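I have placed the structure first, in the form of structure tokens, so that the comments after it can refer back to it.
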Amino acid sequence: MDAVNLLGFDLPGLAAYCEQLGEKKFRATQLFRWIHQKGASDFDQMSDLAKSLREKLAGRAFIRGLDVISEHVSADGTVKWLFDVGAGNAVEAVFIPEDDRGTLCVSSQAGCAVGCRFCSTGHQGFSRNLTTAEIVAQLWFAEHSLRKRLNTTERVISNVVMMGMGEPLQNYDQLVPALRTMLDDHGYGLSRRRVTVSTSGVVPMIDRLREDCPVALAVSLHAPTDPLRDQLVPLNKKYPIAELLEACKRYLTAAPRDFITFEYCMLQEVNDSPEQARELVKLLKNRVPCKLNLIPFNPFPASGLVRSTNVRVQAFAEVLIQAGIVTTVRKTRGDDIDAACGQLAGEVQDRTRAHIRMVRAPVNVAKST
Ligand code: SAH
Ligand code: SF4
């Protein structure tokens with residue numbers, strides 16, 4: 001039997017594994033705490049764990065994070081790690097410190113199959129799903145290396161956002177145990193309200209997440225109408241806006257927060273006119289309790305798109321705010337180290353030539369308004 005990476009188990013999974021080894025379930029809790037709360041990777045460190053169990057584990061299991069290709073620290077304290085996931089693929093995690101919280105942005109896939117027009121991951125195409133162990137490894141490594149750097153035993157990361165590379169709800173089976181490890185009191189003990197899954201709108205999986213592991217939900221909307229959203233987020237052709245909003249409403253019946261966050265990437269002269277802001281108000285008002293998060297587009301050369309000017313972002317926000325919709329404009333963090341949204345893993349190979357297809361199909365602005 002192949003040796004297993006224990007980072008891939010949530011606590012119930014680890015308990016089942018320990019039982020297979022003929023061990024008591026509570027041993028799994030001890031082991032889980034060593035791994036996630038203390039950052040241990042060596043069974044010999046686990047002093048209160050029965051020697052017999054340590055010996056059993058030594059041949060059969062291991063605790064291994066991802067190889068770090070690079071680490072960049074921004075002037076504003078943002079830290080970006082590039083991790084090797086084999087076969088020429090890399091994924092990134094970004095730590096964003098703020099006064100009252102520390103947020104880690106985590107990747108769920110190498111590349112992404114959704115192919116959004118404005119996203120550099122989308123332009124790279126899809127390589128593969130990350131395993132639960134690879135998703136958890138980003139948090140495991142970041143938390144414990146930050147503690148060492150800051151010389152503290154206190155928790156550093158209080159929030160996780162699944163907003164790195166990839167569409168988390170297209171890697172559902174690996175995602176859910178990773179979320180459970182983040183939430184578990186014996187793991188990272190994060191509040192459900194402080195773990196956010198961001199999705200481009202995989203409707204059936206929004207419903208499953210509501211039942212299996214409700215956490216905060218962010219939905220990447222980016223357009224007030226189907227014809228425009230079809231062009232920006234191709235998944236919209238499968239799950240159009242009306243169905244997506246219904247799924248959001250259902251989600252709220254079980255969600256830890258009483259609103260959905262809608263993300264809206266601000267693209268100059270594509271989706272950022274005051275008229276489009278009014279359409280957005282009509283779409284959302286009195287339909288889904290929500291907050292709007294406007295993200296100024298982070299340009300990359302192959303996109304052929306332009307970031308909305310601050311004046312246009314403010315005018316757009318003003319329409320929403322006047323209509324009573326809570327609206328924030330996302331601050332760009334880590335700009336100097338390319339850690340801003342949609343700029344992740346620039347070095348990853350483009351295996352599918354997705355960017356060529358996209359550049360050949362420019363966004364049809366005239367039709368979209
Ligand atoms: N696949 C998920 C999560 C990863 S992307 C999703 O799409 O929601 C995280 C957020 O960054 C999404 O809202 C996405 O639309 C946004 N984003 C992607 N590329 C961007 C870019 N170039 N500029 C600004 N935001 C971008
Ligand atoms: Fe994938 Fe999200 Fe990028 Fe769209 S925005 S291509 S869903 S990672």
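One-based numbering along the sequence shown. Bear in mind that the values here come from a model prediction, so they are computed numbers and not experimental data.
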Can you hop from V202 to L252 via hydrophobic side chains spaced under 4.5 Å?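 Shared cluster, yes.
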
At their closest point, which heavy atom of [X] faces which heavy atom of [Y], and how far apart are they?
{"X": "Q37", "Y": "D185", "value": "NE2-O, 2.9 Å"}
{"X": "S47", "Y": "W34", "value": "N-CZ2, 3.6 Å"}
{"X": "V85", "Y": "R128", "value": "O-NH2, 2.8 Å"}
{"X": "L57", "Y": "L21", "value": "CD2-CD1, 3.9 Å"}
{"X": "A40", "Y": "I63", "value": "O-CG2, 3.7 Å"}
{"X": "G201", "Y": "L244", "value": "CA-CD1, 3.6 Å"}

Does one side chain, of [X] or [Y], offer a donor that lies under 3.5 Å from an acceptor on the other?
{"X": "S308", "Y": "D272", "answer": "yes"}
{"X": "E134", "Y": "Q138", "answer": "no"}
{"X": "S127", "Y": "N89", "answer": "yes"}
{"X": "E92", "Y": "S107", "answer": "no"}
{"X": "S52", "Y": "E55", "answer": "no"}
{"X": "R33", "Y": "Q30", "answer": "no"}
{"X": "S200", "Y": "E167", "answer": "yes"}
{"X": "N129", "Y": "Q109", "answer": "yes"}
{"X": "D212", "Y": "Y172", "answer": "yes"}

Between [X] and [Y], does any side-chain N to carboxylate O distance fall below 4.0 Å?
{"X": "E154", "Y": "R147", "value": "no"}
{"X": "E211", "Y": "R208", "value": "no"}
{"X": "R250", "Y": "E246", "value": "no"}
{"X": "R155", "Y": "E143", "value": "no"}
{"X": "R210", "Y": "D207", "value": "yes"}
{"X": "E23", "Y": "K56", "value": "yes"}

[X] side chain to [Y] backbone, donor-acceptor under 3.5 Å:
{"X": "W140", "Y": "L7", "result": "no"}
{"X": "R117", "Y": "S303", "result": "yes"}
{"X": "R192", "Y": "P214", "result": "yes"}
{"X": "N171", "Y": "L130", "result": "yes"}
{"X": "R307", "Y": "F297", "result": "yes"}
{"X": "N5", "Y": "G8", "result": "no"}
{"X": "H36", "Y": "T181", "result": "no"}

Check whether any side-chain heavy atom of [X] sits under 4.5 Å from a side-chain heavy atom of [Y], and report yes or no.
{"X": "T103", "Y": "V160", "result": "no"}
{"X": "V288", "Y": "L283", "result": "no"}
{"X": "M163", "Y": "T196", "result": "yes"}
{"X": "I295", "Y": "M266", "result": "no"}
{"X": "Y251", "Y": "I260", "result": "yes"}
{"X": "F32", "Y": "F9", "result": "no"}
{"X": "I241", "Y": "N236", "result": "yes"}
{"X": "H72", "Y": "V79", "result": "no"}

Drop me the distance from [X]'s [atom1] to [Y]'s [atom2], to the nearest 0.5 angstrom.
{"X": "R312", "Y": "L294", "atom1": "CZ", "atom2": "CG", "result": "13.0 Å"}
{"X": "L150", "Y": "T152", "atom1": "CG", "atom2": "OG1", "result": "7.0 Å"}
{"X": "R257", "Y": "S191", "atom1": "CZ", "atom2": "OG", "result": "7.0 Å"}
{"X": "D84", "Y": "L66", "atom1": "CG", "atom2": "CG", "result": "8.0 Å"}
{"X": "K148", "Y": "T153", "atom1": "NZ", "atom2": "OG1", "result": "13.5 Å"}
{"X": "L245", "Y": "L284", "atom1": "CG", "atom2": "CG", "result": "6.0 Å"}

Walk me through whether E318 and Q314 qualify under side-chain hydrogen bond (donor to acceptor under 3.5 Å, both in side chains). CA-CA 6 Å; E318 205 46 46; Q314 282 314 320; over 6 Å; no

Should the heavy atoms of other residues, nucleotides or ligands under 6.0 Å from CG of D100 be counted, would the total exceed 12?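 Yes - once you tally the heavy atoms of other residues, nucleotides and ligands closer than 6.0 Å, there are more than 12.
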
More than 12 non-hydrogen atoms from neighbouring residues, nucleotides or ligands closer than 6.0 Å to NZ on K38, yes or no?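 Yes, NZ of K38 has more than 12 neighbouring heavy atoms, counting only those of other groups under 6.0 Å.
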
Should the pair Y188 and H144 be assigned to parallel (<30°), tilted (30 to 60°) or perpendicular (>60°) ring geometry?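 The rings of Y188 and H144 sit tilted, inter-plane angle from 30° to 60°.
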
Parallel, tilted or perpendicular: rings of H222 and Y264 (30°, 60°):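 Y264 vs H222 ring planes: tilted.
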
Go through it in stages, so that I can follow the logic: the residues are S145 and W81, the test is side-chain contact (heavy atoms from CB on, under 4.5 Å), and I'd like the CA-CA distance, side-chain angles, deciding distance and then a yes or no. CA-CA 11 Å; S145 78; W81 296 277; 3.9 Å; yes

Check step by step if side-chain contact (heavy atoms from CB on, under 4.5 Å) holds for V195 and L183. CA-CA 8 Å; V195 173; L183 299 173; 3.8 Å; yes

Under 6.0 Å from the ring centre and within 45 degrees of the ring axis: does the NZ or CZ of R64 meet both conditions for the six-membered ring of F62?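 Judged by the rule, R64 and F62 form a cation-pi pair.
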
Using the rule given for ring-ring contact (aromatic ring centres under 6.0 Å, His included), can you reason through F83 versus F141, listing the C-alpha separation, both sets of side-chain angles and the distance that settles it, and then say yes or no? CA-CA 10 Å; F83 296 106; F141 174 84; 5.6 Å; yes

Trace of the side-chain contact (heavy atoms from CB on, under 4.5 Å) decision for L14 with L6: CA-CA 7 Å; L14 192 62; L6 300 186; 4.0 Å; yes

Residues K291, E263; criterion salt bridge (Lys or Arg N to Asp or Glu O under 4.0 Å); working and verdict: CA-CA 9 Å; K291 292 188 180 175; E263 296 162 280; over 6 Å; no

side-chain hydrogen bond (donor to acceptor under 3.5 Å, both in side chains), that's the test. Do Q124 and T121 meet it? Break it down for me. CA-CA 5 Å; Q124 284 153 17; T121 307; 4.8 Å; no

Going through the checks in order, is the side-chain hydrogen bond (donor to acceptor under 3.5 Å, both in side chains) test met by T131 and Q174? CA-CA 6 Å; T131 62; Q174 300 297 316; 5.1 Å; no

